[in-house]
Amino acid sequence: MLPLARLIDRALGPVNGPLETGRSPPFWLIFLGVVAVLVIAPSFLSRYELLNFSNFLTNIFLALGLCLIWGYAGILSLGQSAFLGLGGYAYGVVGINLIEAHGNTWLALLAGLGFPVLVAALLGWIMFYARLKGVYVAILMLVVTLLIETFLNQTAGQGWSIGLAHLGGNNGLGRFSGVIREPPSLTLGFSADAMMIFGGKTRAFYYLIVGLGVVSYLGLRALVNSRLGHVLVAIREDPDRTETLGYDVRRLQLGVFCLSALLASLSGILYVSWGNFITPNVFGVYYNILPVIWVAVAGRKSLTATVLGAVFLVWLSQKLAIQGDIAFVVLGFILLGGMMLLPEGVITGIGERIGRLFDRLGIGAATRGGRHGG
Amino acid sequence: MDTLTFIVSLLYQYADTLALLLLAAIGLIVIFGMMGVINMANGEMMMIGAYITSFSYYAGIPTPLAVIFGGLGAGLVGIVIELLIIRRFYGQLLASLVATWGLSLIMSQGAYLLLGPLIKSVPTPFGSFGVGDLSFSYYRIFIFAMGLALVAAVWALFAFSRFGLHARATMEDPSMARALGVDVKRIYSLTFGLGTGLAGVAGGLLALTSTIGPFYGQTYTPQAFITVVVGGGAEIVSGLLASALSLGLVKTVVMNQVNILLGHVAMLVFALVVIRMMPSGISDWVERRRSQGRRA
Amino acid sequence: MHERPLSFRRWLGAGVALGIAAGLALAGTGQARAADDGPIKICAIDDHSGDFALIVKPKTLGYQTAIKEINDKGGVLGRKLELVFYDGQSDVKRHQELTEKCILDDEVNVVMAGATSSAREAARAVAVKNKVIYWHNNQGEGGIADHYSFFTGPIPEQQILTGVEYMIKKFGPKMYILAADYGFGQVSAIWTHVAAGLYGGEIVGEEFIPLGNADYAATIANVQKAKPDFGVFYLVGGAQYNYYPQAAAAGATIPAMSTVNIQQGYEHKRYPPPALKDMYVPFAYLEETPGDAAARFNKMAREVNPDEPYINEMTRAGYIAVHLMALAWQRAGTTETEETIKALQSGLFFDAPEGRVFLDPATHHLTIHMRMGRINEKHEVEIVEDLGFIEPWWLRTLGVNLVAKDEARQFLPWDDPRYAKYKK
């Protein structure tokens, strides 16, 4: 068993490190278990449950992006959903225009990923190269996203079309004027016969998200545990000192900000692929406070905690919606309570305790640093 | 429309815009300047002020007193919030921002659940006057004057009172102030209460010319934020005035000449340009220039 | 970094535990499958929280009142009607998700969801995709011609054209339009232009107000400068209502017509008089509607919920929708979708609280008895004109006939070549 364990350890090297909770064999075993459950889940879920679960999972990337910039790089942005919206709209607009001509959404996907990153680069350039203080970045992003919402709301008029895609204002992309042209679901493939449509109800869509989720999660783990990740944390802790050590802080902040925009836009594209519908609502206050709640409550300094927390809280908000009027107030209390009682995050806190329990029971590594860097 | 009417109309609109910016931002900037904390629940403090004003008015209390009650009520709530919540986040500015955002959600939604979607609005006092073909509300001019008065009061408080002295010392260097015997924690509590109290008064004043509901404050929040960001926290009073005057000018002119949406957009673009050049706000930039000048 | 190798047994144990836990979690989610002789399920998604709760909550009362009335008489086809209700939270995504839940999980027979155009389209898209009958039960910008979609609320040709015609006759031709800057406001503004063109009116000014805006100094000045005979206001949302007290404070109130205010948000009950004096409302239903049918309806509704602050147009719309569905199911002899749609298109009529309504087979909209109300200085409603029974004629004049052909789209005034000349 020993050489195998060592082999696994080496393979897991890049994604294991002090900057992310969980790196022992039990953790990875549980991880594999969770992935396995996710893979076989569609066989046990009804049509509705699968559809609903897929919807929950689309939010993962938005949460991961915010966790990256806030938890690791110390940049709080209260407008992450703006990139989700820009990604969804860009994808939708290009998709509506090209789906019949091309029969696929490759270009739309590219547009959906690229446009928000460009906007993030512009905004980031303004903010980070001016060395804007943290709180300013936060509320500036909020103001920007609200303005985009107001602007898009008034695009219902006839002239607001980009090609065949009518922006439609509050009625939703592609729905208001003339023949309804919904933004298409992701339609990807390498030849005309082998096209796969990732509609909201399909298993293909579900597996796409699970696949992308696992890849993103592992990729981000590798990123934060790499040298770059350590520099980001250094920037979070003390940007001036990091700069004196010779790192171009502004460029790194800009880079990680753009990466978070990319992740958010992925959530947007998947949301549109799921429901073929998007309105300017996604730029509003409520949609921007949600990822902040997920990340703050779950544990912003841990990717794992963020993913679990996001899915759980999305499920919780939906459950509360079904119960009645109190959803918003409960979320507010969860946020406030979480920040006050468990500032490192609920799931991180639980993870720590399990880790300590494992320690006492003698399971797993002799070295366990649950408190590295917070 | 003749020139006189046009000028009066434009000045009136400018004063109106300034009133909104000053009133919405004054509570926020006092707290920000002192503690670096952005109180995301500033809008809800305005709502509390408005609610108390409305309830007091309909309970028979004379209007000026009702507004003062609104301010006191919001101030008290602010002190409680500072003691229970903000204390835990000293030095963690982003965390306090998020915590107050949670508070904002609880208060606005809670007010909605407990008190319903709308509160009886209070009739606007003072009536109107005409110039040429147009008529204007005296009260809107009054709240502009009140906005300036509040700013003057804050300035006087910080310049002349003992509290103001301690507060300025704490702003400058908290550990030094503590070493000199200033009860820094008390200063923070009182300042936070002052900030929320100012927001409450602002809310009460605006309540006499608005519809009042649980999301009352959220209308003013984005504008308040922009004003504070552009003003900067280095010098509360001068920052606020400089910011409001410039942003207000841009907004008024564009709104008047083009349309409302572009007025908002222009204000934001102007703000972005300013902070690109003066990242910590106007007051900070001026501060630095002045201290450089002194050295040279 | 040497780790003590975990024994195979512990790994296996952990894996099994995980598997059991996961299985239990998944198995816990139950599914409600509707039997064919169980209750007939009506899905209602209304906003009971968030920005629109004030105006939308009364709609649920309409459904409840109708369902109780019908169930007390024995139900439909020997089956009871059951309301499956969810809170839309004034949120578009929620409407999508909950409509999916209604259809796939609760397996409802009909969906009645969404008040604002965005929520409506979100829910309607899901319903149509799943081939389920959908009803929109409040006023809207009209023009939707779709096989599965039905409407009970008044539409522009019934409210705006008739209303503006009355205002021009009473006050003069010059009007100033204030409209919320989004789809509904923009379409209403265009219909107002059409009305001006048709009835000899003149648009002396038009402004689109961004949602959430509360600054009106410039707007008030502009309105005064233009010297209109009356105003046409499509102001939506708490922030936009600030126009009224500010205009009153500036002594700049003018007689005005509104299709959104009063009949949804009962502003005349919530604002102190005389802020809304001389507001004119072309309505299908207000709680103050005259007649025995209206009085009976108000009474029935208040028996179901004595605490409802106001019976608004949405209550009436929801009430009618349930009754029409019941009639259709009865006529079809089944709840099967296509048969029901055929029954809905067979020429149904119903004695609604404001008068008899007729469901037009070609357009899926109602012929409605419209009236013009005026809010006086005491904020009471005076009925100043009986506008008569207005058919949903516009879509027909565009050649829409849903019995013969499904259009599956929304027509807007700019799609009508005859109105091109009126668009400014």
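What you see is a predicted model; the values in this text were computed from it and never measured. So you know, we letter chains A, B, ... as the sequences are listed, proteins then strands, and number each from 1.
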Can you tell me which portion of A/Ile334 sits under 4.5 Å from chain B's heavy atoms? Options are side chain, backbone, both or neither.
neither

Assess B/Arg290 against B/Trp285: is NZ or CZ under 6.0 Å from the centre of the six-membered ring, and within 45 degrees of the ring's axis?
no

Considering only heavy atoms, which portion of A/Tyr286 lies under 4.5 Å from any heavy atom of chain B: side chain, backbone, both, or neither?
neither

Does any heavy atom of chain B fall under 4.5 Å from the side chain of A/Leu76, the backbone, both, or neither of them?
both

Between the side chains of A/Thr242 and A/Asp240, does any donor sit under 3.5 Å from an acceptor?
no

Can you tell me which portion of A/Leu147 sits under 4.5 Å from chain B's heavy atoms? Options are side chain, backbone, both or neither.
side chain

With a 4.5 angstrom heavy-atom cut-off, is it the side chain or the backbone of A/Leu142 that approaches chain B, or both, or neither?
side chain

Between B/Asn256 and B/Gln13: side-chain donor-acceptor atoms closer than 3.5 Å
yes

Chain A heavy atoms under 4.5 Å from B/Leu94: which part of the residue, side chain, backbone, both or neither?
both

In terms of ring plane angle, is the pair A/Phe283 and A/Tyr89 parallel, tilted or perpendicular, where the classes change at 30° and 60°?
tilted

How are the rings of B/Phe32 and A/Tyr136 set to each other: parallel, tilted or perpendicular (split at 30° and 60°)?
tilted

So which of B/Leu103, B/Leu93, B/Ile275 has the largest heavy-atom pair count under 4.5 angstrom toward chain A?
B/Ile275

So, are B/Arg168 and B/Glu235 salt-bridged, with charged N and O less than 4.0 Å apart?
no

Name the region of A/Val292, side chain, backbone, both or neither, that has any atom closer than 4.5 Å to a heavy atom of chain B.
side chain

Quick one: of B/Ala95, B/Gly102, B/Gly36, who has the most non-hydrogen atom pairs under 4.5 Å with chain A?
B/Gly102

Testing the 3.5 Å rule here: is there a donor-acceptor pair between the side chains of B/Ser238 and B/Ser283?
no

Ranking B/Ile85, B/Leu272, B/Val273 by heavy-atom pairs under 4.5 Å to chain A gives rank one to B/Ile85

No-hydrogen, no-angle side-chain donor-acceptor test under 3.5 Å, B/Ser96 and B/Arg88:
no

Does B/Asn39 offer a backbone N or O that forms a donor-acceptor pair with the side chain of B/Thr100 under 3.5 Å?
no

Greatest number of heavy atom pairs closer than 4.5 Å to chain A - which of B/Val98, B/Leu84, B/Leu97
B/Val98

Under 4.5 Å from any heavy atom of chain A - which part of B/Val37
neither

Heavy-atom contact with chain B under 4.5 Å, split by part of A/Trp70:
side chain

When the 4.5 angstrom heavy-atom criterion is applied to B/Met40 and chain A, the contacting part is side chain

